[in-house]
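Taking it in order: structure first as structure tokens, then the write-up.
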Amino acid sequence: MTGNTLYVVVPCYNEAEALPGTSGVIADKLRALMRAGKVSEDSRALFVDDGSRDGTWALICSLCEQSPIFTGIALSRNRGHQTALLAGLMAARGAADMTISLDADLQDDVDAMDAMVDAFLGGCDIVYGARSRRDSDAFLKRFTAVSYYRLLRALGCEVVFNHADYRLMSARALDALAQYGESDLFLRGIAPMLGFKTATVEYARAERSAGESKYTLKKMLKLASDGVLSLSLAPVRLVMGAGLVMLAAALVLLVIALAGGDARRWRLVAASVWGAGGIVTLALGVVGEYAGRAYLEAKRRPRYIIADTAGLSVRDTEARRDADETR
Ligand code: UDP
Ligand code: MG
């Protein structure tokens, strides 16, 4: 495919408050890109309703009736940001020459799209949008995010610093992504694995345009652990090393305990028993986590189910069938 049809894919979970503004901004941006001749007239915004409960889907449907520039799919239930985004990308596959994924709250500067599309036209398959600063995030979020990137790097995972999921992907990159069948998706970890020519575009991240963050602490922790556990086996090796150190420590303690009958020494031994028990349990937990994930992956459950579509052409619907068949 050699065209330049762009699909802007927007996962939406309870975004009824933000969508009216967001849809207008995206449509304006798409039209500007069309006028500039950078993207084709067939370019679209594709909203993915991730099982919202606040009328988000009704809103998406009414947008699709107002203008053919809007399209939408609805998942059968809430599956989380990463999966909703994947569903959108796979639905766009076949119709789009490139996709740009974007959050519904417009925290990511849509004006960075020009540079992203330019990089695509210049031959890049993946273009990462990276925040140049995070002033708009609360201190705790900023601190945890930066520490998390450092941890991932230290564990040997390839991640683009300060890049979330604002990313351009070419049709070729989407085809490659479709071959990754894992259900615990960490898209920003998989994108660098795909290879191809990449570029990074920097932008300043803004405040949420409306509503509150849909990423609860639980969802954020799940994303963070998916990142570490789906990309690296380092935790298991760490635990193994800790086990060896403990074994050595236990031998030393045994020698101390055998050397004298002082009660203090026995208390020391008791403490070490508890310590060792704790670490062994932790180790079991880590191993169990991987085993559990292997079990869930082995089931090959569908990652999402599309319940409804709006404003998609026949061609897109074919793409949708492909998406369903990727599992
Ligand atoms: N989102 C989603 N499903 C979820 C949670 C979030 O599709 O279960 C979407 C949400 O609508 C938004 C994007 O993911 O478009 C990022 O969420 P949010 O802006 O709330 O996260 P934050 O920027 O606070 O990390
Ligand atoms: Mg946000």
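Start at 1 and go down the list; that is how both ligands and their atoms are numbered.
Which parts of ligand 1 touch Glu15 is read off a 4.0 Å heavy-atom cut-off, strictly below it: atoms 10 (C), 11 (O), 12 (C), 15 (O). Per-residue contacts place Asn78 under 4.0 angstrom from the following atoms of ligand 1 (heavy atoms of the residue considered): 3 (N), 4 (C), 8 (O).
Looking at atom 25 (O) of ligand 1, its nearest protein heavy atom turns out to be Lys141 NZ, 2.9 Å.
For the 3.5 Å distance criterion, the side chains of Tyr203 and Asp108 qualify, holding a donor opposite an acceptor. There is a side-chain donor-acceptor pair under 3.5 Å between Asn78 and Asp50.
Arg167 is linked by a side-chain hydrogen bond (donor to acceptor under 3.5 Å, both in side chains) to His163, Asp165, counting only residues two or more places apart in sequence or in another chain. Remark: Lys219 engages no residue in a salt bridge (charged side-chain N to carboxylate O under 4.0 Å, His left out) (not counting sequence neighbours). Qualifying salt bridge (charged side-chain N to carboxylate O under 4.0 Å, His left out) partners for Asp125, counting only residues two or more places apart in sequence or in other chains: Arg172.
The shortest N or O to N or O distance between Ala104 and ligand 1 is under 3.5 Å. At least one N or O atom of Asp105, backbone or side chain, sits closer than 3.5 Å to an N or O atom of ligand 1.
For the Mg ion (ligand 2), the nearby protein N/O/S atoms, meaning those under 2.8 Å, are Asp105 OD2, Gln107 OE1.
Exactly one residue among Glu297, Arg303, Arg300 makes a side chain to side chain donor-acceptor pair (under 3.5 Å) with Ser183. That residue is Glu297.
The closest approach between any non-hydrogen atom of Met220 and ligand 1 is not below 4.0 Å.
Taking the side chain as every heavy atom from C-beta outward, Ser40 and Thr5 approach each other to under 4.5 Å.
For Arg153, the CZ atom counts as densely surrounded, since its 6.0 Å shell holds more than 12 non-hydrogen atoms of other residues, nucleotides or ligands.
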